[in-house]
Number of protein chains: 2
Amino acid sequence: MNKRKALKEFKETIKKSGMKFTPQREKIFKVILSTKGHFEIEDLVHKIRSKNIDVSRATVYRTLDILKNLGYVNEVIKFKNKTIYEVALKEHHDHLICRKCGKIIEFHSEEIEKLQNKICKKYKFKPEFHRLEIFGLCKDCQK
Amino acid sequence: MNKRKALKEFKETIKKSGMKFTPQREKIFKVILSTKGHFEIEDLVHKIRSKNIDVSRATVYRTLDILKNLGYVNEVIKFKNKTIYEVALKEHHDHLICRKCGKIIEFHSEEIEKLQNKICKKYKFKPEFHRLEIFGLCKDCQK
DNA sequence: CTGGATGCAAAGGGTTTGCATAAAA
DNA sequence: TTTTATGCAAACCCTTTGCATCCAG
């Protein structure tokens with residue numbers, strides 16, 4: 001999905017949800033769209049500030065919460081009391097997280113997903129989303 | 001492993017690591033041993049207080065950190081900025097977490113573990129531990 | 001004795017919130 | 001005009017830390 005289209009869709013969704021489409025929300029959304037991979041709120045605030053865009057930290061937090069509820073971003077993990085997010089536009093995937101350098105490698109395994117569904121069925125549990133994080137040492141940090 | 005034995009082993013481990021075996025550490029360890037399933041620090045503090053045991057919150061935090069490093073407890077998840085732990089005496093397992101009532105169901109799948117190892121090999125990643133959390137609605141909360 | 005452990009209270013750091021003001025609709 | 005959003009700063013909450021005191025080894 002291209003950015004123009006995504007923005008338009010976001011505008012409509014926001015309005016349909018009874019909220020207002022403000023310049024701040026537009027700006028935050030745009031910055032997130034241009035973000036590759038994972039980010040934390042502080043990153044966002046700095047990125048926004050460096051573009052001479054005026055949005056308060058509080059608004060960034062409030063908007064992130066909205067974006068999470070609308071499904072535009074996912075909370076990946078709470079690490080050292082900081083929340084790490086990711087843009088939710090790509091396909092679902094899981095993470096290998098290097099304990100040493102912090103690198104995050106994404107992977108996807110249809111086989112694992114299938115096994116998860118099997119387990120949920122067994123417990124009559126209705127899955128909505130999941131997180132699989134494998135911590136360890138990446139290729140470079142094993143040296 | 002019974003509690004007496006676990007405590008003895010803990011005492012030895014603590015000493016071997018060059019730390020002191022204090023009454024506070026003993027008390028905290030005992031309370032954790034008698035804990036079934038998951039807990040958060042505040043639970044621990046209250047449990048300890050209700051037994052008229054004097055241990056400061058700071059010491060509980062410091063001891064939990066030691067227990068984590070020694071492998072006696074695992075950090076399960078950070079939820080609403082609170083850390084949830086579990087006793088690490090049982091076999092490794094993963095979690096189904098009910099988004100509505102907060103219930104945590106444990107499961108284990110050897111098949112999933114094997115697939116994970118396969119993936120790590122592919123990325124030349126050396127896994128140390130992992131977390132698989134499936135969020136959704138438990139049997140009761142689907143009604 | 002002596003160095004690590006404890007308790008207290010204060011500081012930290014990310015996140016949330018109350019309130020007056022601003023601006024979408 | 002009405003209602004929701006913003007900005008600011010203060011409040012929150014979990015967690016960490018500095019320091020004087022204590023105590024296990």
Side-chain angles (χ1 to χ4, degrees), chain A residues 7-8 10-31 38-49 52-70 72-85 102, chain B residues 7-8 10-31 38-49 51-70 72-85:
Chain A
L7 186 63
K8 194 182 161 205
F10 171 58
K11 184 174 177 179
E12 282 164 10
T13 307
I14 272 272
K15 291 197 169 180
K16 236 180 284 175
S17 311
M19 291 180 284
K20 291 174 178 172
F21 186 70
T22 65
Q24 287 88 340
R25 287 177 180 167
E26 177 173 2
K27 286 165 183 170
I28 293 170
F29 187 79
K30 276 183 177 169
V31 170
H38 308 83
F39 63 93
E40 26 191 284
I41 302 264
E42 222 40 40
D43 291 345
L44 258 197
V45 173
H46 289 148
K47 218 165 180 176
I48 289 171
R49 293 269 158 85
N52 290 319
I53 301 177
D54 272 326
V55 183
S56 72
R57 178 170 278 100
T59 295
V60 173
Y61 273 94
R62 287 190 274 233
T63 304
L64 251 288
D65 200 50
I66 292 169
L67 290 173
K68 191 176 75 179
N69 290 330
L70 293 179
Y72 285 102
V73 299
N74 297 326
E75 225 184 83
V76 173
I77 184 183
K78 303 248 184 196
F79 193 56
K80 294 186 191 298
N81 306 320
K82 252 182 313 185
T83 305
I84 296 179
Y85 291 90
Chain B
L7 186 62
K8 194 181 160 203
F10 172 56
K11 184 174 177 178
E12 282 164 9
T13 308
I14 272 271
K15 291 195 170 182
K16 236 180 283 175
S17 310
M19 289 180 283
K20 291 176 179 171
F21 185 70
T22 65
Q24 287 87 340
R25 287 176 180 169
E26 179 175 0
K27 286 164 183 169
I28 294 169
F29 187 78
K30 276 182 177 171
V31 171
H38 308 83
F39 64 91
E40 27 191 283
I41 301 265
E42 222 40 42
D43 291 345
L44 257 197
V45 174
H46 288 149
K47 219 166 180 175
I48 289 171
R49 292 269 159 86
K51 286 187 197 294
N52 290 317
I53 300 176
D54 271 327
V55 182
S56 72
R57 178 170 277 102
T59 295
V60 173
Y61 273 94
R62 287 190 274 234
T63 304
L64 252 288
D65 199 51
I66 292 171
L67 289 173
K68 190 176 75 179
N69 290 328
L70 293 179
Y72 285 100
V73 299
N74 298 325
E75 227 184 83
V76 173
I77 185 184
K78 304 247 183 195
F79 192 55
K80 295 185 188 301
N81 304 320
K82 250 180 317 185
T83 306
I84 295 179
Y85 291 91

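Letters go in sequence order (proteins before strands), and every chain restarts at 1.
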For the student: nearest non-hydrogen atoms of [X] and [Y], plus distance:
{"X": "E75(A)", "Y": "T83(A)", "answer": "CG-CG2, 3.2 Å"}
{"X": "Q24(A)", "Y": "D54(A)", "answer": "CG-O, 4.3 Å"}
{"X": "I48(B)", "Y": "V31(B)", "answer": "CG1-CG2, 3.9 Å"}

Could you tell me how far apart [X] ([atom1]) and [N] ([atom2]) are, to the nearest whole angstrom?
{"X": "D43(A)", "N": "dG13(C)", "atom1": "CG", "atom2": "C1'", "result": "15 Å"}
{"X": "I84(A)", "N": "dG14(C)", "atom1": "CD1", "atom2": "C1'", "result": "13 Å"}
{"X": "L44(B)", "N": "dT15(D)", "atom1": "CG", "atom2": "C1'", "result": "14 Å"}
{"X": "L67(B)", "N": "dA5(C)", "atom1": "CG", "atom2": "P", "result": "13 Å"}
{"X": "E26(B)", "N": "dC23(D)", "atom1": "CD", "atom2": "C1'", "result": "15 Å"}
{"X": "R49(A)", "N": "dG7(D)", "atom1": "CZ", "atom2": "P", "result": "9 Å"}
{"X": "L64(A)", "N": "dA5(D)", "atom1": "CG", "atom2": "P", "result": "16 Å"}
{"X": "K82(B)", "N": "dT15(C)", "atom1": "NZ", "atom2": "P", "result": "16 Å"}

Inset, instruction - Please round to the nearest 0.5 Å and tell me the distance separating atom CD1 of I28(A) and atom CZ of R25(A). - result: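 Result: 8.5 Å between the selected atoms.
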Inset, instruction - Could you tell me the separation between the CG atom of L44(B) and the OH atom of Y61(B), rounded to the nearest 0.5 Å? - result: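 Rounded to the nearest 0.5 Å, the CG-OH separation comes to 10.0 Å.
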Inset, instruction - For K20(A) and for M19(B), find the nucleotide of DNA chain C with the closest heavy atom, then tell me which residue's nucleotide is more 5'. - result: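 It is M19(B) whose nearest nucleotide is closer to the 5' end.
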Inset, instruction - Check whether any side-chain N or O of K15(B) sits under 4.0 Å from OP1 or OP2 of dG25(D), and answer yes or no. - result: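 So the side-chain polar atoms of K15(B) do come within 4.0 Å of the phosphate oxygens OP1 or OP2 of dG25(D), strictly under.
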Inset, instruction - Report yes if at least one side-chain N or O of Y61(A) is closer than 4.0 Å to OP1 or OP2 of dT16(C); otherwise report no. - result: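 No.
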When you compare the protein's N or O atoms with those of nucleotides 6-12 of chain C, which come within less than 3.5 Å of each other, and at what distance?
unit_1: dT6(C); atom_1: OP1; unit_2: T22(B); atom_2: OG1; d: 2.8
unit_1: dT6(C); atom_1: O3'; unit_2: Q24(B); atom_2: NE2; d: 2.9
unit_1: dG7(C); atom_1: OP1; unit_2: Q24(B); atom_2: NE2; d: 3.2
unit_1: dG7(C); atom_1: OP1; unit_2: D54(B); atom_2: O; d: 3.3
unit_1: dG7(C); atom_1: OP2; unit_2: S56(B); atom_2: N; d: 3.0
unit_1: dG7(C); atom_1: OP2; unit_2: S56(B); atom_2: OG; d: 2.9
unit_1: dG7(C); atom_1: OP2; unit_2: T59(B); atom_2: OG1; d: 2.7
unit_1: dG7(C); atom_1: N7; unit_2: R62(B); atom_2: NH2; d: 2.7
unit_1: dG7(C); atom_1: O6; unit_2: R62(B); atom_2: NH2; d: 3.4

Legend entry - Qualifying residue, where the test is salt bridge (charged side-chain N to carboxylate O under 4.0 Å, His left out) with E42(B) and the options are K47(B), R49(B), R57(B):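 Per the salt bridge (charged side-chain N to carboxylate O under 4.0 Å, His left out) rule, the option paired with E42(B) is R57(B), out of K47(B), R49(B), R57(B).
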Would you give me the side-chain donor-acceptor pairs under 3.5 Å for residues 10-20 of chain A, sequence neighbours excluded?
unit_1: T13(A); atom_1: OG1; unit_2: E9(A); atom_2: O; d: 2.7
unit_1: T13(A); atom_1: OG1; unit_2: Y72(A); atom_2: OH; d: 3.4
unit_1: S17(A); atom_1: OG; unit_2: T13(A); atom_2: O; d: 2.7

